[in-house]
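The structure under discussion appears below in the form of structure tokens.
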Amino acid sequence: MRISYRWLKEFIDTDISADELAYKITMAGLEVDSVNKIETYDSVVGEIKKIDKKGGLYLTSVDTGGKLVNIATSDTSIDIGDKFPVAVSGSKIAGGVTIKKREFGDFVSEGMMLSAAEIGLEDTSSGLLKLDKDFKNGTKLSDLDEFDDYLIEIELTPNRADALSILGVARDIRALTKLNIKYPKMNFSVISKNINNYISVDVENFEGAPRYTLLMADVEVDESPFFIRSRLIKSGIRPINNVVDITNYVLMALGQPMHAFDFNRLNGDISVRNAKREEKILALDGREYELDENILVIADAKNPIAIAGVMGGEDSSVVDSTKTIALESAHFNPVGVRLAARKLKLHTESSHRFERGVDPNLCLTASSYALCLLENYAHAKIYSGYIDKKNSDFKAKSFVCSFSGINSLIGSDFEQKNIKETLEYLEFKPKVVSIDKFKVTVPTYRFDIECEADIAEEVARCVGYDKVPSTLPVVQASFKQSKPVDYIKHSLTKTLADTGFMEVVNYSFIDSGKLRLFNDKENEFVYLKNPLIEGQDVMRTTLSCGLLDSLKFNMNKNAKSVALFEMGRVFFKDNEYSKEFDHLGVLMWGEASFNWFEKDRTYDFYDIKMVPEIIEHTFNIEFGYKKSNKAFLHSGRSAELFIGKDDVGFIGELHPDLYEQYDMKFDKKTRILLCEVDLDITASNLKSTIMYEKLPKLPTVARDLAIVVDKNIPADDVKKVIESFGNVYEVALFDIYDKLRDKNKKSLAFRIVLKNDKKTFTDSEIEDATNSIFSALKVQFDANLRGEYDI
Amino acid sequence: MYYIKKEFEAALKDAKTHEDLKQIKASFIGKKGRVTELFKQMSYLEDEQKKEFGKNINQLKNYIENSIKRKLDEINETIKRESLDKESIDITLPARKSAFGSIHPITETIIEIEDIFKSMGFDVETGNEIEYDRYNFEMLNIPKEHPARDMQDTFYINDNVLLRTHTSPTQIRVMKEKKPPVMFISPGKVYRRDSDITHSPMFHQVEGLLVDRDVHFSDLKGVLSEFLRMYFGDVPVRFRPSYFPFTEPSAEVDIGCIICKGKGCRVCSHTGFLEVLGCGMVHPNVLRNVEYPKEYSGFAFGLGVERFAMLKHGIDNIKLFFENDIRFLKQFS
Ligand SMILES: [Zn+2]
């Protein structure tokens with residue numbers, strides 16, 4: 001909400017500067033976004049004396065106070081005798097731009113007539129800002145009242161419906177400064193015509209419209225005086241004509257949305273009812289809206305004439321020819337208005353206020369103010385009598401609070417007198433009922449106040465949060481322990497970052513088309529009902545999609561080596577709801593050896609295999625590897641990971657067919673490697689303690705054993721057999737050679753560390769031990785000793 | 001004898017190799033060396049002079065022997081050093097390690113925030129990112145048609161399930177499960193249907209809750225002021241009334257702008273202050289919704305992790321966090 005400082009000062013008697021006032025209300029809960037001084041530079045009042053039309057241009061002669069200035073303009077609304085703000089060449093306009101002379105053929109335009117935006121009253125304007133005719137030509141704008149002003153932009157929280165007006169802001173200022181509110185004049189005289197002889201109102205739905213009032217007047221429609229138009233512009237409301245402007249002026253001043261109907265364009269009496277199915281209305285914004293039974297409308301005998309609390313209809317609107325108006329001032333149900341506005345996607349100054357709550361006791365006060373202004377600025381002749389439909393009175397709510405309760409919640413030591421007085425300045429009525437208790441009556445414009453905590457806040461915000469002390473809570477000491485999965489996440493994050501991986505964070509919603517490449521069980525997908533963009537329509541069930549997007553992004557930036565990891569949730573549909581799990585995802589691609597000590601190596605399976613091994617070693621877990629048959633992985637170069645029987649993830653190369661889906665080319669040399677691990681399952685298998693294993697008592701001996709086996713035999717299977725011997729302490733594979741003459745064979749070399757706890761090995765015992773290991777390998781894998789094998 | 005000594009010293013000074021030393025040794029104290037020759041001349045002297053002369057020659061001989069020995073050590077040392085110098089390597093080359101990775105600035109910020117609150121005795125809880133409307137809104141005192149829902153444009157899964165718009169539903173989840181007192185923070189992802197230079201449809205928050213007997217708004221001020229000073233250093237902290245449906249009284253917390261030190265700059269919109277936290281006393285309706293006894297009160301707060309990270313590292317576009325440009329990420333290694 002943007003308001004004029006000058007207008008605000010008409011409601012509260014203060015000399016406090018705009019900036020200081022802004023600070024005060026900000027610290028009391030009405031957050032001021034900005035305070036801007038209106039800067040008119042050297043602009044003056046100019047009157048158009050002569051207009052020549054030439055092509056699409058109007059070549060004018062403008063009187064700027066005894067001096068005629070030639071100005072070209074394309075604005076079609078100008079007329080001889082009109083007055084506008086003029087910036088002559090050399091002077092500045094809003095935004096600091098300097099106006100220069102411009103030549104149009106032999107016509108030299110020596111200045112510019114300005115719009116409201118060019119003076120800084122609003123952000124954009126559609127035409128020139130017309131000034132009042134009684135402003136003296138040549139007067140500097142800065143000497144005119146309405147330009148000596150500040151625009152205060154307030155960002156109101158949704159609870160403070162009461163502050164959505166100049167009066168509302170003034171009320172808070174009164175509570176902070178204890179200054180008086182000045183109410184505007186609201187008196188008017190009436191004529192002998194009585195409204196009840198002309199129109200009647202039938203409210204069918206009091207729940208939707210708890211109060212509906214109507215008054216009538218004969219008017220002369222014209223342009224509003226400048227102070228009304230300029231103040232509306234300052235608040236972001238476009239001036240239309242004096243009648244419409246005055247209803248908007250009252251809305252801004254008091255917070256009561258109002259609507260004026262052209263009485264002569266109504267068909268019979270008014271009813272307040274729910275719309276009929278498929279009933280339509282052409283609204284003031286020029287658009288036709290289709291209504292339904294849940295939307296409340298104001299209707300004449302034939303058609304809806306307004307969407308209650310949202311917007312009036314075009315066909316009954318006040319236009320230049322209007323002679324008589326019916327002036328509506330009502331209280332509509334906040335939820336009803338909100339639903340209608342949302343359904344029609346139509347948000348107006350009026351709906352904004354009704355949704356948040358407008359004082360039901362404000363209707364007639366606002367009407368009086370509007371009629372007073374209409375009498376002065378639209379020559380209104382006001383009919384006697386008024387219509388006021390309601391089915392109950394709007395009583396102020398009240399409840400009991402305790403002084404000690406307020407002080408305890410705040411942690412303050414406010415005196416009873418202080419609390420009481422603060423509330424009184426806010427127009428609350430506190431009545432002490434016992435030593436510690438008081439009954440407080442809440443003004444009907446405060447929809448947000450319901451309990452003692454609310455009263456505590458009112459007191460604290462007006463006294464000032466800075467007056468509340470800072471203390472530290474006294475809390476019970478208790479033992480806190482990280483949850484296993486959090487422990488794993490923290491620890492892995494550090495280890496992986498230290499190992500050379502970069503952590504990434506991707507969106508949780510991804511493209512369902514891409515996800516289908518990784519997961520063929522579409523019934524597991526959690527779709528968004530209202531995605532922001534098409535490519536983010538489903539919740540991820542794997543981190544791989546996001547990691548590939550990150551890779552793609554970096555490839556486009558010419559990255560040559562990418563090693564990423566991400567930890568985050570994945571989501572699986574579970575009936576109406578979803579199950580979410582923490583996953584670790586890793587991606588590697590590109591140069592493994594862009595450095596001085598290693599040449600021409602690209603990441604391969606055995607680089608990414610570091611990840612499950614890190615997990616195994618860090619958390620004392622053992623993964624089982626099984627060849628994977630996942631469709632998105634290279635069938636010969638991938639594995640599924642198991643802990644016991646639990647499937648915990650996968651590791652491997654991306655399937656060559658998938659590259660195309662990411663606009664990438666499969667390249668045998670630089671392949672994309674992926675690994676994903678379910679951290680929740682991993683966490684549930686955490687072994688809390690490691691049991692110590694006795695060290696060998698006597699020195700161990702190491703022997704190397706090189707064997708030749710079939711190429712398809714997994715090295716780890718061989719290793720496991722060797723490890724199964726009781727006297728084997730440690731086994732390490734240190735060489736693989738597959739350039740043998742027989743292309744179906746490979747050689748594996750192991751270093752085997754033997755132990756003997758009873759006595760020191762003799763050479764023959766060592767010989768025996770290695771022989772029996774080899775025999776076992778021969779039986780199991782048809783192994784040959786490398787030395788004996790024909791290479 | 002004096003000249004012999006001088007000559008020896010001059011010769012020794014120029015000696016560089018074992019060979020040089022050998023020659024010097026031979027020419028002075030070798031079989032035909034000049035000092036040896038002196039001994040031979042002794043026979044021509046009187047007994048009295050002989051004794052004196054002999055003593056002097058011996059001294060000279062000892063001196064020469066010792067000097068040669070010292071020089072030998074010196075030469076050995078030089079030779080050893082020269083041979084090591086020949087093995088010199090470029091000590092400026094980086095270590096034999098593939099690369100250094102990095103922790104994402106969001107994670108790093110969360111860890112830092114967690115560490116501070118853990119040191120104050122807060123536990124860490126994680127909630128669900130896909131949440132019931134009931135937990136995300138209704139039980140937090142935001143009924144279906146509440147205008148506050150406009151503040152948070154929501155992604156829906158279906159009518160009752162949504163992507164949480166804030167970490168606050170964790171308050172409900174924890175309080176429904178645990179009896180008071182509770183004291184925890186809860187970091188995590190949240191989602192809002194909004195995207196521009198300052199808004200991302202997914203971002204991170206840290207929620208905090210403390211419920212116990214006798215918890216006051218003043219305690220909230222104390223704990224958060226302490227936290228902000230620990231995180232941002234010694235900055236002014238101010239509390240300003242605000243509105244959240246699930247707290248009452250509510251406050252927004254500003255710190256003195258850490259970029260301009262309060263003088264006013266673009267980042268703080270020339271106010272000298274930066275909004276960093278929302279907080280308040282847990283609304284009585286929320287405590288009632290989780291069936292906590294009346295004698296309990298508490299405070300809650302929530303902060304935006306990206307905002308903290310952006311302020312601390314001077315990052316000006318929230319999109320950078322989710323593009324995952326490795327040139328950006330590398331800066332945090
Ligand atoms: Zn600043």
Side-chain angles (χ1 to χ4, degrees), chain A residues 26-29 157-159 335 338-339 355-356 408-411 451 453-454 456-457 460-461 465-466 468-473 475-476 480 482 486 493 496-508 526 528-530 532 550 553-554 557 559 562 569 571 576-578 580 592 596-597, chain B residues 93 96 98-104 106-107 118 121 123-124 128-130 145 147-148 150-151 155-158 160-161 181 183 189 193 195 201-202 210 212 215-219 221-223 225 238-243 248-249 251 269 281 283-284 297 321-327 329-330:
Chain A
T26 295
M27 294 312 285
T157 51
N159 60 322
V335 173
R338 182 177 156 77
L339 287 176
E355 278 178 31
R356 285 159 176 75
S408 167
L409 187 64
I410 304 294
C451 61
D454 296 323
E457 181 181 72
R461 78 178 179 91
Y465 278 7
D466 55 335
V468 175
S470 263
T471 55
L472 287 176
V475 292
Q476 285 178 15
K480 326 268 170 182
S482 292
D486 292 336
T493 302
L496 289 172
D498 286 345
T499 316
F501 292 92
M502 289 185 187
E503 189 189 14
V504 297
V505 177
N506 278 296
Y507 289 135
S508 304
V526 180
L528 294 185
K529 219 169 108 181
N530 55 341
L532 195 59
S550 301
F553 182 90
N554 282 294
K557 306 271 175 200
V562 176
R569 295 271 170 90
F571 307 84
E576 284 299 278
Y577 198 54
S578 99
E580 35 195 276
W596 58 271
F597 55 84
Chain B
L93 287 180
R96 197 176 276 110
S98 48
F100 282 93
S102 57
I103 296 180
H104 195 283
I106 288 175
T107 308
K118 278 182 187 166
D123 216 341
V124 178
N128 281 19
E129 292 174 26
I130 294 185
E145 300 314 327
D150 287 347
M151 291 156 81
F155 285 109
Y156 281 94
I157 304 296
N158 56 49
N160 303 315
V161 180
M183 184 179 186
K189 291 188 170 76
R193 233 176 143 274
S195 185
M202 179 187 88
L210 190 160
D212 204 342
V215 179
H216 319 292
F217 185 75
S218 59
D219 296 331
K221 278 188 74 177
V223 166
S225 302
R238 73 176 192 194
F239 287 72
R240 192 156 51 67
S242 187
Y243 171 71
E248 189 74 28
S269 318
M281 299 304 289
H283 198 289
S297 57
F321 290 118
F322 308 110
E323 279 175 357
N324 301 313
D325 190 322
I326 55 176
R327 295 167 304 176
L329 299 172
K330 209 182 280 175

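Just so it is clear: chains get the letters A, B, ... in the order the sequence lines come, proteins before strands, and each one is counted from 1. Below, each value reflects all heavy atoms present in this structure, side chains not excepted, and no hydrogens, waters or symmetry copies.
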Inset, instruction - Indicate yes or no: at least one non-hydrogen side-chain atom of N128(B) is less than 4.5 angstrom from one of Y577(A). - result: yes
Inset, instruction - Determine whether K189(B) and R569(A) make a side-chain contact, defined as any pair of heavy atoms from C-beta on separated by less than 4.5 Å. - result: no
Legend entry - With sequence neighbours excluded, residues passing side chain to side chain donor-acceptor pair (under 3.5 Å) with S242(B): E252(B)
So, does [X] use its side chain to make a donor-acceptor pair with the main chain of [Y] at under 3.5 Å?
X	Y	answer
R238(B)	D466(A)	no
T471(A)	G222(B)	no
H216(B)	S408(A)	yes

Legend entry - Residues in side chain to side chain contact (heavy atoms under 4.5 Å, CB included) contact with N159(A), at least two apart in sequence or another chain: T157(A), D448(A), Y243(B)
Legend entry - For chain B, the option from T26(A), V335(A), D454(A) that forms the most heavy-atom pairs under 4.5 Å: D454(A)
Legend entry - Most chain A-contacting option - heavy-atom pairs closer than 4.5 Å, from S269(B), S225(B), P241(B): P241(B)
Legend entry - Residue part contacting chain A, namely of F321(B), when any heavy atom lies under 4.5 Å: backbone
Legend entry - Per-residue contact mode, V223(B) against chain A (heavy atom under 4.5 angstrom): both
Inset, instruction - Examine the side chains of N324(B) and N554(A) and answer whether a donor and an acceptor come within less than 3.5 Å of each other. - result: no
Inset, instruction - Report the distance from atom CD of E576(A) to atom CG of N160(B), rounding to the nearest 0.5 Å. - result: 7.0 Å
